[in-house]
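Residues: numbered from 1 along the sequence shown.
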Amino acid sequence: MTWGVDVLADGRTAMGPGRWSYRVIDRCVDQRLESHAMLVTVSGWFHRTFTCYTPRDVAPVVDEWRLPRRVPEATGPTESWWLDDDAGVAVQAQLSAWPHDRDVWTIRYFTRAPAQVADANPVVFGATIHETVPALWCTLCSHLVEPGGTCHRPRP
């Protein structure tokens, strides 16, 4: 399913899918484009996906020193990116649902090399204090994932 995205007068974007509340999702259209560009850049890399549950309006990552350098151009109210291009590691935290009393975040740990994905669990679990579990479905690859499993979406 898809939902309309509104561009507000100040350049932020917002949406209110279904019965969920109306919410600002990007700080500007350029940030939205940068976040999509980051995903296109790393979408063919190996990755592990996690689901993190937080109180409403609370970001999932609290300890950034474990992560690569933040990418401010691609980071907004409902999506954060970190990247170490030299090491071939990227991390994305994206708000995927905001039902009534909590937020549901998808956290993805991307690596160029398959052996690097072993770092995903200690890095992601160490960077979050909220309930975080391995995801059972990879929305990038559109298939079930064994808990702790690694996906690879080869480029066409």
Going by atom type alone, with no hydrogens or angles, which donor-acceptor pairs under 3.5 Å involve a side-chain atom of residues 123-130 and a protein atom two or more places apart or on another chain?
{"residue": "Thr128", "atom": "OG1", "partner": "Val124", "partner atom": "O", "Å": "3.1"}
{"residue": "Thr128", "atom": "OG1", "partner": "Thr132", "partner atom": "OG1", "Å": "3.2"}

Check: Taking a hydrophobic cluster as the set of Ile, Leu, Val, Met, Phe, Trp and Tyr residues connected by side-chain heavy atoms closer than 4.5 Å, whether directly or through intermediates, do Phe110 and Met38 fall within one such cluster?
Finding: yes

Check: Do the non-hydrogen side-chain atoms of Arg66 and Pro122 ever get within less than 4.5 Å of each other?
Finding: no

Next item on the list: To the nearest 0.5 angstrom, please state how far the CG atom of Leu140 sits from the OG1 atom of Thr106.
Entry: 9.0 Å

Next item on the list: Please name the pair of heavy atoms, one in Cys138 and one in Cys151, separated by the smallest distance, quoted to 0.1 Å.
Entry: CB-SG, 3.6 Å

Check: Trp45, Val91: one ILVMFWY side-chain cluster at the under-4.5 Å cut-off?
Finding: no

Next item on the list: Go through the steps to decide whether Leu39 and Trp81 satisfy the test side chain to side chain contact (heavy atoms under 4.5 Å, CB included), and finish with yes or no.
Entry: CA-CA 9 Å; Leu39 186 57; Trp81 277 97; 4.0 Å; yes

Notebook entry, point to check: Is any side-chain heavy atom of Trp137 less than 4.5 Å from a side-chain heavy atom of Leu144?
Noted result: yes

Check: His152 side chain to Thr150 main-chain N or O, any donor-acceptor pair under 3.5 Å?
Finding: no

Check: Of Gln94, Glu79, Gln92, which is the lone residue that meets side-chain contact (heavy atoms from CB on, under 4.5 Å) with Ser35?
Finding: Glu79

Check: Are Tyr109 and Asp119 side-chain neighbours, meaning at least one heavy-atom pair lies under 4.5 Å?
Finding: yes

Item checked: Which atom of Pro60 lies closest to which atom of Thr54, heavy atoms considered -> CA-CG2, 3.8 Å

Notebook entry, point to check: Partners of Asp84 by salt bridge (Lys or Arg N to Asp or Glu O under 4.0 Å), sequence neighbours excluded?
Noted result: none

Next item on the list: Following the transitive rule for hydrophobic clusters with a side-chain heavy-atom cut-off under 4.5 Å over Ile, Leu, Val, Met, Phe, Trp and Tyr, establish whether Val145 and Phe50 coincide in one cluster.
Entry: no

Check: With a 4.5 Å limit on heavy-atom distance, are the side chains of Ser80 and Val61 in contact?
Finding: no

Checklist line | Thr49 side chain near Thr139 side chain, heavy-atom distance below 4.5 Å | finding: no

Margin query: Using only atom types and a distance under 3.5 Å, with no angle test, would you say the side chain of Gln31 pairs donor to acceptor with the backbone of Pro77?
Written below: no

Margin query: So for atom CZ, which belongs to Arg56, do other residues, nucleotides or ligands contribute more than 12 heavy atoms lying within a distance under 6.0 Å?
Written below: yes

Check: Of Arg112, His47, Arg48, which meets side-chain contact (heavy atoms from CB on, under 4.5 Å) against Val117?
Finding: Arg48

Next item on the list: Give the C-alpha distance, both sets of side-chain angles, the deciding distance and a yes or no for side chain to side chain contact (heavy atoms under 4.5 Å, CB included) between Phe46 and Gln116.
Entry: CA-CA 9 Å; Phe46 298 90; Gln116 292 173 288; over 6 Å; no

Checklist line | Sidechain-backbone polar pair: Thr51 side chain, Ala135 backbone, donor-acceptor under 3.5 Å | finding: no

Item checked: ILVMFWY network linking Val71 to Leu33, side-chain heavy atoms under 4.5 angstrom -> no

Next item on the list: Could you tell me whether the side chain of Asp103 and the main chain of Asp57 form a donor-acceptor pair under 3.5 Å?
Entry: yes

Check: CG/Asp26 to CD/Glu34 distance, rounded to the nearest 0.5 angstrom?
Finding: 12.0 Å

Margin query: Please say yes or no: joined through hydrophobic side-chain contacts below 4.5 Å, possibly via intermediate residues, are Leu67 and Val42 part of one cluster?
Written below: no

Margin query: Under a plain distance cut-off of 3.5 Å, with no hydrogens placed, do Arg108 and Ser43 share a side-chain donor-acceptor pair?
Written below: no

